Amino acid sequence: MASPAKRIIVTGGSGQVGQHVIATLLSHGHDVLNLDIAPLPPSLSSKVHTLRTDLTDSGQVHSALTSRFHPACPFDPATEPLNQIPDAVIHLAGYPRGMIVPDGEMYRVNTLASYNVIEAACRLGVKKILVASTVCVYGPPYAEGDMDLPCFPVDEEVDTNPMDVYAISKVCVEKTARGFARRFASFGVDIYVFRIAAVIPPGEYERFFTSWRADPRDHKAVGWSYTDAQDFGKMCHLAVLKDGLGFQIFNATNDDITVETRGSTATAFLKQASPSVPFTREMGETEAPLTNRKVKELLGFQQDHSWRMYVA
Ligand SMILES: NC(=O)c1ccc[n+]([C@@H]2O[C@H](COP(=O)([O-])OP(=O)(O)OC[C@H]3O[C@@H](n4cnc5c(N)ncnc54)[C@H](O)[C@@H]3O)[C@@H](O)[C@H]2O)c1
């Protein structure tokens, strides 16, 4: 049965992750408005309007969240009423790592844009808010030097205590989301945070895995885990449809560890690769160390894009 179509605002939809999220949402029949300072590529701009919005400006965000989705001349209030509140906001915009701009500017944009979007969405009565975070909050990806994960598998209960500014900015975003979810709980607001791993867009598997396979220890920093861009779009679609979970954090990862365990197991590989890290439970034979068990159990996620389908 087809799922109900929703009106969804995506922020940062022009970026690497956002383009695939938008394409997936469109494939499920949703209506989308993109808020970004950059345009969408032509393949999407004919279907989705981009309202150029600087999300670090609170006034722009409040106005944009009540915007119409489609330009028209003249507007037809019967087709698209003025001041409609979207069914969901998916907040992806921001800097996806350090070293793009100076650290302080990255921290300012990531925290302020997220604050503005979460605050405006809650105050305007949006009932579903999805927020992009990162598995960098677990520490290793941009640490100073080699760092072990705290345990295997890493689930969403593990303490987050990163040292790099990008991950620290995302810890702040997660805390902001949690506080607003608590504050607006009686209004029926759900806020789900996705901790995304290294994102692999379609056609990029060979490139990623060729570099990773040279030495499996090379992808220790990313926790031997990844996020397929299209599968992440599917997670967003499922999250938009799933109401009533309040505040949740999900590891938005795919099922499989990124090394070949043929004849062995993920556990055996990890015991050898990170011998001092404790195990908190028995892991599946090929389970990703940054486990996605929760997103499967609570949102019913099933991956479509195992890396094994694309890497010879
Ligand atoms: N790509 C990854 O591997 C990865 C991994 C983990 C988490 N994430 C998270 O996913 C989200 C999207 O990442 P991405 O890889 O698509 O990044 P990206 O840089 O490709 O896209 C980010 C988008 O945000 C927009 N943006 C930046 N500042 C803005 C502002 N002030 N106002 C409006 N728009 C603004 C940019 O124009 C861009 O289109 C980010 O929150 C990132 O932290 C990405």
Side-chain angles (χ1 to χ4, degrees), residues 9-24 33-41 44-45 48 50-65 67 89-101 105-118 120 129-138 140-142 160 162 164-174 176-177 193-202 204-205 207-208 212 219 221-223 225-233 235-236 249-254 258 290 292:
I9 288 185
V10 175
T11 76
S14 307
Q16 188 195 33
V17 175
Q19 292 180 30
H20 296 286
V21 168
I22 288 179
T24 306
L33 174 69
N34 178 36
L35 308 186
D36 203 308
I37 46 177
L40 280 168
L44 286 172
S45 63
V48 171
T50 298
L51 198 61
R52 196 170 63 239
T53 310
D54 181 351
L55 299 166
T56 63
D57 179 331
S58 163
Q60 290 190 38
V61 175
H62 271 78
S63 176
L65 288 194
S67 170
V89 172
I90 303 178
H91 175 53
L92 307 173
Y95 290 109
R97 61 190 165 276
M99 301 296 288
I100 300 172
V101 292
E105 175 63 4
M106 183 252 302
Y107 182 85
R108 183 186 76 84
V109 170
N110 283 1
T111 54
L112 190 56
S114 301
Y115 175 86
N116 288 341
V117 170
I118 293 166
I129 305 165
L130 311 182
V131 179
S133 183
T134 169
V135 298
C136 295
V137 297
Y138 297 123
Y142 299 116
T160 52
D164 71 282
V165 178
Y166 168 60
I168 291 170
S169 78
K170 291 295 192 178
V171 171
C172 292
V173 170
E174 292 187 358
T176 303
V193 169
F194 285 114
R195 289 180 179 158
I196 305 167
V199 172
I200 308 189
E204 294 282 321
Y205 276 89
R207 193 173 65 79
F208 267 82
W212 281 359
H219 37 135
V222 294
S225 304
Y226 72 101
T227 300
D228 177 273
Q230 295 175 95
D231 277 335
F232 179 63
M235 289 181 209
C236 290
I249 296 180
F250 297 103
N251 283 345
T253 50
N254 278 67
T258 55
L290 309 181
N292 67 359

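Just follow the structure's listing: the first ligand is 1, and inside any ligand the first atom is 1. Quick caveat, the model's predicted, so the values are computed rather than measured.
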Heavy-atom check, side chain of [X] versus side chain of [Y], under 4.5 Å:
X	Y	answer
S225	V135	no
H91	I118	no
L55	N116	no
V199	H20	no

Could you name the option among [options] that has the heavy atom nearest to [atom]?
atom	options	answer
atom 19 (O) of ligand 1	C136, A113, P96, A252	P96
atom 32 (N) of ligand 1	L55, N110, T134, V135	L55
atom 24 (O) of ligand 1	G94, S169, G15	G94

Working to the nearest 0.5 angstrom, can you tell me the gap between [X] [atom1] and [Y] [atom2]?
X	Y	atom1	atom2	result
C172	L112	SG	CG	12.0 Å
M106	T111	CE	OG1	10.0 Å
T53	I9	OG1	CD1	8.5 Å

What is the closest protein heavy atom to [atom], and at what distance does it sit?
atom	answer
atom 14 (P) of ligand 1	V17 CG2, 3.8 Å
atom 20 (O) of ligand 1	Q16 N, 2.9 Å
atom 5 (C) of ligand 1	A197 O, 3.2 Å
atom 40 (C) of ligand 1	L92 O, 3.1 Å
atom 2 (C) of ligand 1	V199 CG2, 3.4 Å
atom 43 (O) of ligand 1	Y166 OH, 2.6 Å
atom 10 (O) of ligand 1	I196 CD1, 3.7 Å
atom 37 (O) of ligand 1	D36 OD1, 2.6 Å

Any idea which part of R97 is under 4.0 Å from ligand 1, heavy-atom wise: side chain, backbone, both or neither?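 Neither; nothing of R97 gets under 4.0 Å from ligand 1.
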
Relative to the heavy atoms of [X], which atoms of ligand 1 are at a distance of less than 4.0 Å?
X	result
T53	32 (N), 33 (C)
G12	23 (C), 24 (O)
S14	39 (O)

Examine [X] against ligand 1 and note whether any of their N/O atoms are separated by less than 3.5 Å.
X	value
L35	no
S133	no
A198	no

Do the side chain of N110 and the main chain of Y95 share a donor and acceptor less than 3.5 angstrom apart?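 Yes, N110 side chain to Y95 backbone: donor-acceptor pair under 3.5 Å.
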
Side chain T227, main chain A197, donor-acceptor under 3.5 Å: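 Side chain of T227 to backbone of A197, a donor-acceptor pair under 3.5 Å: yes, one is there.
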
So that I know where these two stand, are F194 and F232 an aromatic pair - ring centroids less than 6.0 Å apart?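 When the ring centroids of F194 and F232 are compared, they turn out to be within the sub-6.0 Å range.
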
Which heavy atom of D164 sits nearest to which heavy atom of C136, and what is that distance?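 Looking at all heavy atoms of both residues, the closest pair is OD1-O, 4.4 Å.
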
